[in-house]
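Report on the structure given below.
Keep in mind it's a predicted model, so treat the numbers as computed, not measured.
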Amino acid sequence: MQALTKYALWTNAYPPIESHTKLTQQWLYATAKERKAKIIKMRVKEDTRFVRSLQDLIFARIGTLRSSLKDSAVKAVTDGYGLNGNDYQKVAKRVEGWLMDDNYIFPQRDNAKTLDYGNPFHHQAIISILRDEFFQKSSSFGNMHPEFFKSCHETRPELKLPEVMVALAATAVYCTLHEWKNGQRVNLSFTQAAFKDIYQGHINTLKELWEKHPNQSHRVMSALYNAVTKSRAQPATASSSALTMLWLDEVDEA
C-alpha cells in the first residue's frame with residue numbers, strides 16, 4: 001500500500017496508537033477509491049468496526065518496514081563502526097564513544113580519527129542502510145517514486161531525503177549499536193516502545209535545523225540524497241570543521 005509506506009517514511013514512522021483507526025480508514029478509503037471498489041469504499045467510510053478489524057494487519061506492515069531497516073543496520077553497523085574482533089572490552093568502549101553525544105550520526109574524516117560535524121546523518125552506515133532499503137534496485141521504493149523527494153526550499157530545487165526516513169535509519173543504527181554495548185551483540189527488538197524517543201530526538205534535531213537554517217538543512221539533505229543514489233555530487237560542508245551547526249545561530253547560510 002503506497003499511501004502507508006509514504007506516511008511511514010515522510011510523516012511519522014512511529015504513529016501514535018490513538019491515530020491508528022483514523023489512519024487505517026484514510027488509507028483503505030484511498031486504496032478502494034483508486035481501485036474503483038465502490039462497495040469497499042462505502043463500508044470503510046461507514047463501518048468503524050470493519051476498519052478496526054483491519055488496523056492491526058495494516059500497521060503490521062509498518063512494523064515490517066522498520067524490521068527490514070533494522071536487518072540492514074546489523075551488517076552496516078558492525079562494519080561501519082569497527083565492532084569486529086574478540087576484544088569485547090575494546091568493542092564496548094568503542095560503542096560507548098559512538099553513542100556519546102550522538103557521535104554515530106557523523107562521518108569520520110579521512111584520517112578516521114576525527115568526526116565531520118558539518119555533515120550530520122552522513123555516516124556511511126546510515127547511507128548504506130538507506131541505499132539498501134530504498135534505492136538498491138530499480139523496483140525499490142525510492143527509485144519508483146522520485147516525485148516524493150522534491151525540495152521544500154523556495155529557491156533550491158535539488159531533490160532531498162525526507163527527515164522521517166533519515167531519522168528512522170539513524171534510530172536503527174542506535175538500536176544496533178546498543179546491541180553491542182557489552183562488547184558482544186545481543187539482539188534487540190526494534191519496537192516503538194523501546195526506540196520512539198530516540199527517533200523523536202532525531203526528528204526534533206532535523207526540524208530545528210530546517211527552521212533555523214533552511215539553506216544549510218537543504219544542503220545536508222540534498223547531499224544525502226545524492227549519496228544514497230550514488231551521485232557524484234559533493235557532500236554539504238559547514239563553515240567550521242568543529243561546528244555542531246544544529247544548535248548555533250551563527251551558521252553560514254550563504
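Counting all heavy atoms, side chain and backbone alike, Gln55 lies closest to Thr21 at OE1-OG1, 2.5 Å. Of all the heavy atoms in Ile126 and Ala169, the pair that sits closest is CG2-CB, 4.2 Å. Pairing each heavy atom of Ala13 with each of Tyr199, the nearest pair is N-OH, 3.1 Å. Annotation for Phe121 and Leu206: closest pair CE1-CD2, 3.6 Å, computed over non-hydrogen atoms. Closest of all the heavy-atom pairs between Gly118 and Val220 is O-CG2, 4.4 Å. Nearest heavy atom pair, residue Ser128 against residue Ala76, reads CB-CB, 4.3 Å.
Classification of the His218-His153 ring pair by plane angle, with boundaries at 30° and 60°, yields tilted. Below 30°, between 30° and 60°, or above 60°: for His123 and Tyr81 the angle between ring planes is below 30°, a parallel geometry. Between Phe135 and Tyr225, the ring planes lie perpendicular to each other; the angle is over 60°, past the 30° to 60° tilted range. Ring geometry for His178 against Tyr174 counts as tilted: the plane angle lies between 30° and 60°, on a 0 to 90° scale. Ring geometry, Trp27 versus Phe59: the interplanar angle falls from 30° to 60°, so the pair is classed tilted.
A donor-acceptor pair under 3.5 Å is formed between the side chain of Asp87 and the backbone N or O of Lys90. For the pair Gln25 (side chain) and Val44 (backbone), a donor-acceptor distance under 3.5 Å is present. Judged by distance alone, with hydrogens and angles left aside, the side-chain atoms of Asp47 form a donor-acceptor pair with the main-chain N or O of Arg49 at under 3.5 Å. Arg43 contributes no side-chain N or O that, together with a main-chain N or O of Phe50, makes up a donor-acceptor pair within less than 3.5 Å. Using modelled atom types, no side-chain atom of Ser68 and backbone atom of Thr64 make a donor-acceptor pair closer than 3.5 Å. Between the side chain of Asn103 and the backbone N or O of Gly97, at least one donor-acceptor pair lies under 3.5 Å. Ser217 places no side-chain N or O within donor-acceptor distance of the main-chain N or O of His213, the cut-off being under 3.5 Å. Between the side chain of Asn143 and the main chain of Ser140, no donor-acceptor pair closer than 3.5 Å is present. Put simply, the side chain of Glu163 never gets that close to the backbone of Ile203: no donor and acceptor are under 3.5 Å apart.
More than 12 heavy atoms of other residues, nucleotides or ligands shown are found within 6.0 angstrom of CG on Asn187. Counting heavy atoms of neighbouring residues, nucleotides and ligands inside a 6.0 Å radius, atom CD of Gln124 exceeds 12 of them. The 12-atom threshold is exceeded at CD of Glu147, counting heavy atoms of other residues, nucleotides or ligands nearer than 6.0 Å. No more than 12 heavy atoms of other residues, nucleotides or ligands sit less than 6.0 Å from atom CD of Gln89. Annotation for Asn84: atom CG counts as buried by contact number, over 12 foreign heavy atoms lying within 6.0 Å.
Inspection of the Gln200 and Asn204 side chains reveals an N or O donor paired with an N or O acceptor under 3.5 Å.
From Glu211, atom CD reaches atom NZ of Lys207 across 7.5 Å, with rounding to the nearest 0.5 Å. Between the CD atom of Glu158 and the CZ atom of Arg219 there is a distance of 10.5 Å, given to the nearest 0.5 Å. Interatomic distance, Cys175 SG to Phe190 CZ, rounded to the nearest 0.5 Å: 6.0 Å. Annotation: the span from Ile62 atom CD1 to Leu23 atom CG amounts to 7.5 Å, rounded to 0.5 Å. Taking CG from Leu168 and CD1 from Ile198, the interatomic distance works out to 13.0 Å, rounded to the nearest 0.5 Å. Rounded to the nearest 0.5 Å, atoms CG (Asn215) and OG1 (Thr155) are 6.5 Å apart.
Residues Gln136 and Arg131 meet the side-chain proximity criterion, which asks for heavy atoms closer than 4.5 Å. Put simply, the side chain of Arg185 reaches to within 4.5 Å of the side chain of Val74, judged on heavy atoms. Put simply, the side chain of Leu28 reaches to within 4.5 Å of the side chain of Ile58, judged on heavy atoms. Val164 is not listed as a side-chain neighbour of Asn12, based on a closest heavy-atom distance of 4.5 Å or more. Side chains of Lys160 and Cys152 form a contact here, defined as non-hydrogen atoms less than 4.5 Å apart.
Residues Ile105 and Trp210 do not share a hydrophobic cluster, clusters being chains of Ile/Leu/Val/Met/Phe/Trp/Tyr side chains in contact below 4.5 Å. Criterion: ILVMFWY side-chain heavy atoms under 4.5 Å apart, direct or through other members. Under it, Leu159 and Met144 are not part of a common hydrophobic cluster. Note on Ile40: it clusters hydrophobically with Tyr29, by side-chain heavy-atom contacts below 4.5 Å among ILVMFWY residues. Clustering ILVMFWY residues whenever any of their side-chain heavy atoms sit less than 4.5 angstrom apart, transitively, puts Leu54 in the very cluster that holds Val51.
Here Trp180 and Tyr88 keep their ring centres 6.0 angstrom or further from each other. Tyr14 has its ring centre no less than 6.0 Å from the ring centre of His202.
Among Leu69, Leu224, Leu9, the one residue that satisfies the side chain to side chain contact (heavy atoms under 4.5 Å, CB included) test with Met165 is Leu9.
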Requested in this report: Take Phe134 and Phe141 through the test ring pair (Phe, Tyr, Trp, His ring centres under 6.0 Å) and record every step on the way to the result.
Outcome: CA-CA 5 Å; Phe134 307 117; Phe141 189 83; 7.4 Å; no
Requested in this report: Start with the C-alpha distance between Gln108 and Thr114, add both sets of side-chain angles, then the distance that settles side chain to side chain contact (heavy atoms under 4.5 Å, CB included), and finish with yes or no.
Outcome: CA-CA 6 Å; Gln108 292 174 284; Thr114 58; over 6 Å; no
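With sequence neighbours excluded, the residues that form a side-chain hydrogen bond (donor to acceptor under 3.5 Å, both in side chains) with Lys75 are Asp79.
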